[in-house]
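These notes concern the structure reproduced below.
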Amino acid sequence: MKKILALMLAVVLTLSLGAVAFAEEVGAENTTPGSTVDNDEDTAYDLGFGDLEAPGSGEPDKPGATYYYTIMDNDEETAVDGMLVSDEIAKHLTVSIKESGDSMIDSYAIVKQNGVYKVKVVTKETYLTDETEATWTITLKRNSRYTVAEATVDIVQQWAEITTVDNDGYGEYVFYASNKEAEEGAKGASYDHYTDDANIEALAVIPSAADYAEIYFEDTMFWYSVRNSSSSTVNVYYETSNQTMSTTYEDADLEMIFFSGTPEFDYTGTLHAPADEDAYVYAIIDGKLVADEFEWNDESDCWEYTSRTIEGAVVSDIELDVSLYNATVNSGSDSDTSGSADAEKDNPDTGAVDYVNIAVALGVVSLATAGAVALKR
């Protein structure tokens, strides 16, 4: 009996110690565990961060935005215009980021861009209609030991709203969605810019007063019409190209539209494709190319597909073997990748989160399991 009690006390003590360690780690968001500040004048780096404030508009950034925080160098002998350009200093630096609030970060790293060193943070590309917020504590360390710079930034992301262009006063609303900013690209990633991804007006806010809504997608033939019963917001961001589709059917003349957020409406509506009657029109459903979903409407002289959600459509001048595209999608190779002009610097601390807390938690679970086995014996 005494042995059992002893074992139980040992397990409880071990778990308590582990829980305390875990709580301390989680609570210390604004510190870098195990690091110290180097105060030696001969070896210390006098660094900081620039580009910490968003440019005046106050509008949330687009989800999936990429941020660049210039590393500032306060040593006049090594800096250029106050910025870090020294390879000798940079090779000793690592970066870590602690994030509180909504989970936004996909990856981060130290990069060299146009001769200047920066911390690049890539966020997850989501198509939520709600606003997301997070606070990042960015820490630079020398040789993974000495903290040389730290900054905290608040990030807010949300797609921008498209505006009602026409309202007839009798409950019929017309919206025009545009990808103009996305297609033209946004200047950024320089010292004077906060992010290189401009926001895009993609949220169609359909008020409860709208009994019926029509949404037109600029520079495409497609539009969607639907009844409405309540105030609703949908993300109608769209793309008009797909590399896999184009390379799979090189001989076809294609027009296409893809809705990454798969907007869902109150009622079943109609996606319209006013192509020629002899065209071949396909729907995108669950990522697959599907035939025979669109039907020709003689009255409207248009191809129509009824659905409460819209994912995409493809119009072709020739008949397509849908199995070719769908096989490619199933293989997992359906990805449109774009190269980056950034020269990424090897960085041991690169990652989306710090995983030390997970390791502590797993250690506590292992100890608990070991204690349980000992008691059973």
Verdict with reasoning, K124 to S103, per side-chain hydrogen bond (donor to acceptor under 3.5 Å, both in side chains) = CA-CA 8 Å; K124 300 171 184 175; S103 176; 2.8 Å; yes
Stepwise side-chain hydrogen bond (donor to acceptor under 3.5 Å, both in side chains) test for T137 and E150 = CA-CA 7 Å; T137 300; E150 188 170 86; over 6 Å; no
Verify side-chain contact (heavy atoms from CB on, under 4.5 Å) between V322 and L324, making sure each step is shown before the conclusion.
-> CA-CA 5 Å; V322 298; L324 297 178; over 6 Å; no
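- Looking only at distances, a side-chain donor or acceptor of N242 sits under 3.5 Å from a matching main-chain atom of T244.
- Y45 carries R142 over the face of its six-membered ring, with the cationic atom under 6.0 Å from the centre and within 45° of the normal.
- Between S246 and M256 the shortest heavy-atom distance is OG-CE, 4.0 Å.
- A donor-acceptor distance shorter than 3.5 angstrom exists from the side chain of D168 to the backbone of Y170, with no hydrogens or angles considered.
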Evaluate ring pair (Phe, Tyr, Trp, His ring centres under 6.0 Å) for F217 paired with Y238, printing each intermediate quantity in order.
-> CA-CA 8 Å; F217 307 105; Y238 62 95; 5.5 Å; yes
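- Scanning all heavy atoms of the two residues, the minimum distance from S316 to A252 falls at OG-CB, 3.6 Å.
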Check step by step if side-chain contact (heavy atoms from CB on, under 4.5 Å) holds for V205 and T129.
-> CA-CA 10 Å; V205 180; T129 56; over 6 Å; no
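- Rounded to the nearest 0.5 angstrom, T240 OG1 and F222 CZ are separated by 10.0 Å.
- Note that R227 lies outside the cation-pi zone of Y212, set by a 6.0 Å cut-off to the ring centre and a 45° limit from the axis.
- V315 and A279 get closest at one heavy-atom pair: CG1-CB, 4.1 Å.
- For CD of E172, the number of neighbouring non-hydrogen atoms (other residues, nucleotides, ligands) closer than 6.0 Å is greater than 12.
- I206 and Y176 fall into different hydrophobic clusters, where Ile, Leu, Val, Met, Phe, Trp and Tyr side chains are chained together by heavy-atom contacts under 4.5 Å.
- Between the D266 side chain and the S229 main chain, a donor and an acceptor come within less than 3.5 Å of each other.
- D73 contributes no side-chain N or O that, together with a main-chain N or O of L47, makes up a donor-acceptor pair within less than 3.5 Å.
- Minimum interatomic distance between V148 and L93 (heavy atoms only, all atoms of both residues): CG2-CD2, 4.0 Å.
- For the atom pair CD (E295) and SG (C302), the distance works out to 12.0 Å, reported to the nearest 0.5 Å.
- Contact between A151 and F49 at its shortest, heavy atoms only, is CB-CD1, 3.5 Å.
- Checking side-chain atoms of D321 against main-chain N and O of S323 turns up a donor-acceptor pair under 3.5 Å.
- Between the side chain of S232 and the backbone N or O of N228 there is no donor-acceptor pair closer than 3.5 Å.
- Put simply, the side chain of T270 never gets that close to the backbone of T306: no donor and acceptor are under 3.5 Å apart.
- A donor-acceptor contact shorter than 3.5 Å is absent between the side chain of S208 and the backbone of S230.
- To the nearest 0.5 Å, the span separating NE2 on H92 from CG on L140 amounts to 14.0 Å.
- Under the 4.5 Å side-chain criterion, counting only non-hydrogen atoms from C-beta, V95 is in contact with I138.
- There is no side-chain donor-acceptor pair under 3.5 Å between E201 and T163.
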Check the pair W303, F294 against ring pair (Phe, Tyr, Trp, His ring centres under 6.0 Å), reporting the backbone distance first and the verdict last.
-> CA-CA 6 Å; W303 289 93; F294 277 87; 7.4 Å; no
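- Surrounding CG of D292 are at most 12 heavy atoms belonging to other residues, nucleotides or ligands under 6.0 Å away.
- In this structure, NZ on K112 lies 12.5 Å from NZ on K118, to the nearest 0.5 angstrom.
- Taking the six-membered ring where tryptophan is involved, the planes of Y67 and W136 are perpendicular, since the angle between them exceeds 60° and thus also 30°.
- Residues T132 and P63 fail the side-chain proximity criterion, which asks for heavy atoms closer than 4.5 Å.
- Under the 4.5 Å side-chain contact rule for hydrophobic residues, L203 and V156 do not share a cluster.
- In this structure, D298 places its CG atom where more than 12 heavy-atom neighbours from other residues, nucleotides or ligands lie under 6.0 Å away.
- Residues I284 and Y282 have side chains not in contact (no heavy-atom distance under 4.5 Å, counting atoms from C-beta outward).
- A 4.5 Å side-chain heavy-atom check between M245 and Y325 finds at least one atom pair inside the cut-off.
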Chi angles and distances behind the side-chain contact (heavy atoms from CB on, under 4.5 Å) call for V119, Y68 | CA-CA 6 Å; V119 172; Y68 293 85; over 6 Å; no
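- No path of Ile, Leu, Val, Met, Phe, Trp and Tyr side chains, each step under 4.5 Å between heavy atoms, connects W159 with L128, placing them in separate hydrophobic clusters.
- A continuous path of ILVMFWY side-chain contacts below 4.5 Å connects V329 to L289, so both sit in one hydrophobic cluster.
- Counting heavy atoms from C-beta on, the side chains of E264 and V234 never come closer than 4.5 Å.
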In sequence, state the C-alpha distance, the side-chain angles, and the governing distance for D154 and T135, and then conclude on side-chain hydrogen bond (donor to acceptor under 3.5 Å, both in side chains).
-> CA-CA 5 Å; D154 295 319; T135 297; 2.8 Å; yes
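- For the pair E239/S260, a side-chain contact is recorded, criterion being any heavy-atom separation below 4.5 Å from C-beta on.
- The line from OG of S307 to CD1 of I285 is 7.0 Å long, rounded to the nearest 0.5 Å.
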Evaluate the side-chain hydrogen bond (donor to acceptor under 3.5 Å, both in side chains) criterion for residues H272 and S225: first the C-alpha distance (whole Å), next the side-chain angles of each, then the deciding distance (0.1 Å), finally the verdict.
-> CA-CA 8 Å; H272 306 263; S225 60; 2.8 Å; yes
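- You'll find the side chain of V153 reaches within 4.5 Å of the side chain of Y69, heavy atoms only.
- The side-chain heavy atoms of F175 and V236, taken from C-beta on, include no pair separated by under 4.5 Å.
- By the criterion of side-chain heavy atoms lying less than 4.5 angstrom apart, applied directly or through intervening Ile, Leu, Val, Met, Phe, Trp or Tyr residues, W223 is not grouped with Y305; the two fall into different hydrophobic clusters.
- A donor-acceptor pair is defined here as one N or O able to donate and one able to accept, closer than 3.5 Å; no such pair exists between the side chain of D61 and the backbone of Q158.
- For the atom pair L52 CG and M72 CE, the distance stands at 9.5 Å (nearest 0.5 Å).
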Go through V281 and V314 one step at a time and tell me if the side-chain contact (heavy atoms from CB on, under 4.5 Å) criterion holds.
-> CA-CA 6 Å; V281 188; V314 177; over 6 Å; no
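- Of all the heavy atoms in Y280 and I318, the pair that sits closest is CD1-C, 3.4 Å.
- For the pair D276 (side chain) and D278 (backbone), a donor-acceptor distance under 3.5 Å is absent.
- A centroid separation of less than 6.0 Å is found between the aromatic rings of F265 and Y224.
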